[in-house]
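Excluded from the calculations below are hydrogen atoms, water molecules and symmetry mates; all remaining heavy atoms, backbone and side chain alike, are included. A note on names: the letters A, B, ... follow the listed sequences, proteins ahead of strands, and every chain is numbered from 1.
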Number of protein chains: 2
Amino acid sequence: MAINRKMDFQADEIALADFAKAISHPARIAILKILAQHKSCICGEIVEGLPLAQATVSQHLKELKAIGLIKGTIEGKTSCYCIDWGVFNQFVAHFGIFADLSKNASCQSQSCC
Amino acid sequence: MAINRKMDFQADEIALADFAKAISHPARIAILKILAQHKSCICGEIVEGLPLAQATVSQHLKELKAIGLIKGTIEGKTSCYCIDWGVFNQFVAHFGIFADLSKNASCQSQSCC
DNA sequence: ATTTTATATCGCAAATATACGATGAATTGT
DNA sequence: ACAATTCATCGTATATTTGCGATATAAAAT
């Protein structure tokens, strides 16, 4: 692999790709779903709902936290996680880039597509 | 890695993760943007817009095609690509799962988050 | 028929991601 | 103080992704 080609892409392309990568694993989607279904933070319980070892779940949580999709604090014995909806909705809104373009762009060629 | 833990996750979780994985690289986001900006199919031109070798771009196109996000036909000497907006919008709509939940779910704990 | 052009595919190397047991750190309960 | 609990981190094995040169394929141009 060449040395960091990322610089050649635009910032918004990288940002959207990073968001997509953060949720590109079923476990992380499942974690977000579990968190979304709770009105308040979850302190534990996540590991039990997933078919993965505690260490692995902790690693997935770390990734979601790294990109800012979830917030978490350590409260005494347990940790406490919840979704940062501001960040989440901001990322989803980025798909608007395509939604806007889709109005004008449609393939008019009969021979292909 | 264990042997295909995917079976332990739900179908919609896997589907959303697969979509995210397909667009989890700046090059593939860039390709979609290029395609979206055109009213009709693009026959070539994509390689020139990216900082990658032709073989690499072809591989990224293949991935986008595999998940159905883009359609492509070979027309004589050149290939012809365009976005399948139906598939694209269908995937984006999946984020509705979270949007619905976000209305009820918000952290009420003062101590965390 | 041969060359040129456009794109796909193969094969390999390097980089990343994933999973998990073992261990560490901090806290609660006794 | 000590044991139990909860979660993070380390180390490591394996799998997947990425990138690209080389090569294949197929049509167009000469």
Side-chain angles (χ1 to χ4, degrees), chain A residues 1-9 13-14 17-31 34-35 41-67 70-82 111-112, chain B residues 1-9 13-14 17-31 34-35 41-67 70-82 111-112:
Chain A
M1 191 186 282
I3 14 91
N4 205 2
R5 304 300 291 263
K6 269 200 171 184
M7 283 307 157
D8 301 313
F9 294 104
E13 292 166 352
I14 295 168
D18 284 346
F19 165 64
K21 182 173 286 179
I23 62 170
S24 72
H25 192 289
R28 294 194 287 274
I29 296 283
I31 288 170
I34 292 172
L35 291 177
C41 288
I42 287 187
C43 309
E45 302 173 38
I46 300 175
V47 175
E48 294 154 43
L50 298 180
L52 297 170
Q54 179 265 323
T56 308
V57 174
S58 188
Q59 202 171 307
H60 283 303
L61 285 166
K62 191 181 176 184
E63 284 180 70
L64 289 171
K65 203 173 174 181
I67 205 171
I70 65 178
K71 292 178 286 187
T73 47
I74 299 171
E75 287 196 20
K77 197 167 66 175
T78 61
S79 285
C80 206
Y81 284 110
C82 59
S111 47
C112 74
Chain B
M1 193 185 282
I3 15 89
N4 206 0
R5 305 299 293 262
K6 269 200 173 184
M7 283 308 158
D8 300 314
F9 295 103
E13 291 166 353
I14 295 168
D18 284 345
F19 165 64
K21 183 174 284 178
I23 61 170
S24 70
H25 193 287
R28 293 195 289 274
I29 295 283
I31 288 171
I34 291 171
L35 291 177
C41 289
I42 288 188
C43 308
E45 303 174 36
I46 299 176
V47 175
E48 294 154 43
L50 298 180
L52 296 171
Q54 180 265 325
T56 308
V57 173
S58 188
Q59 203 172 307
H60 283 302
L61 284 166
K62 192 181 177 185
E63 285 180 70
L64 289 171
K65 202 173 176 181
I67 205 171
I70 66 177
K71 292 179 287 188
T73 47
I74 298 171
E75 285 197 24
K77 196 168 64 173
T78 60
S79 284
C80 206
Y81 285 110
C82 58
S111 48
C112 74

Can you measure [X] atom [atom1] to [N] atom [atom2] for me and round it to whole angstrom units?
X	N	atom1	atom2	value
B:Ile31	D:dG19	CD1	C1'	13 Å
B:Asp8	C:dT18	CG	P	16 Å
A:Ile46	D:dT6	CD1	P	14 Å
A:Glu48	D:dC7	CD	C1'	13 Å
B:Leu50	D:dG19	CG	P	10 Å
B:Leu52	C:dA15	CG	P	16 Å
B:His25	D:dT18	NE2	C1'	6 Å

inquiry  = To the nearest 10°, give me the bend of the helix from C:dA1-D:dT30 to C:dT30-D:dA1, comparing the axes of its five terminal pairs at either end.
reply    = 10°
query = So what does B:Glu63 touch, heavy atoms closer than 4.0 Å: a base, only the sugar-phosphate, or nothing?
reply = sugar-phosphate
Distance below 4.0 Å between B:Tyr81 side-chain N/O and C:dA8 OP1 or OP2 = yes
request  = State, to 0.1 Å, how close B:Pro26 and A:Ala17 come at their nearest heavy-atom pair, and which atoms those are.
outcome  =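 Closest pair (atom of B:Pro26, atom of A:Ala17, distance): N-CB, 3.5 Å.
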How long is the span from the [atom1] atom in [X] to the [atom2] atom in [Y], to the nearest 0.5 Å?
X	Y	atom1	atom2	value
B:Gln54	B:Gln59	CD	CD	11.0 Å
A:Ser58	A:Ile46	OG	CD1	10.0 Å
A:Ile70	A:Ile31	CD1	CD1	7.0 Å
A:Leu52	B:Asp8	CG	CG	8.0 Å
B:Asp18	B:Ile23	CG	CD1	12.0 Å
A:Leu61	A:Thr56	CG	OG1	11.0 Å

Where the side chain of [X] is concerned, which of [options] is the nearest nucleotide?
X	options	result
A:Ala53	C:dA8, C:dG21, D:dT17	C:dG21
A:Lys21	C:dT18, C:dA17, C:dC20	C:dA17
A:Ser79	C:dT18, D:dA8, C:dA19	D:dA8
B:His60	C:dA19, D:dG19, D:dT18	D:dG19

inquiry  = Can you tell me how the ring of A:His25 sits relative to the ring of A:His60, calling it parallel under 30°, perpendicular over 60° and tilted otherwise?
reply    =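 Answer is tilted, since the angle falls between 30° and 60°.
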key: Main-chain N/O of A:Leu64 paired to A:Arg28 side chain as donor or acceptor, under 3.5 Å   =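 Flag not set: sc A:Arg28 to bb A:Leu64 has no pair under 3.5 Å.
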Distances under 3.5 Å between nitrogen or oxygen atoms of protein and nucleotides 9-11 of chain D:
none

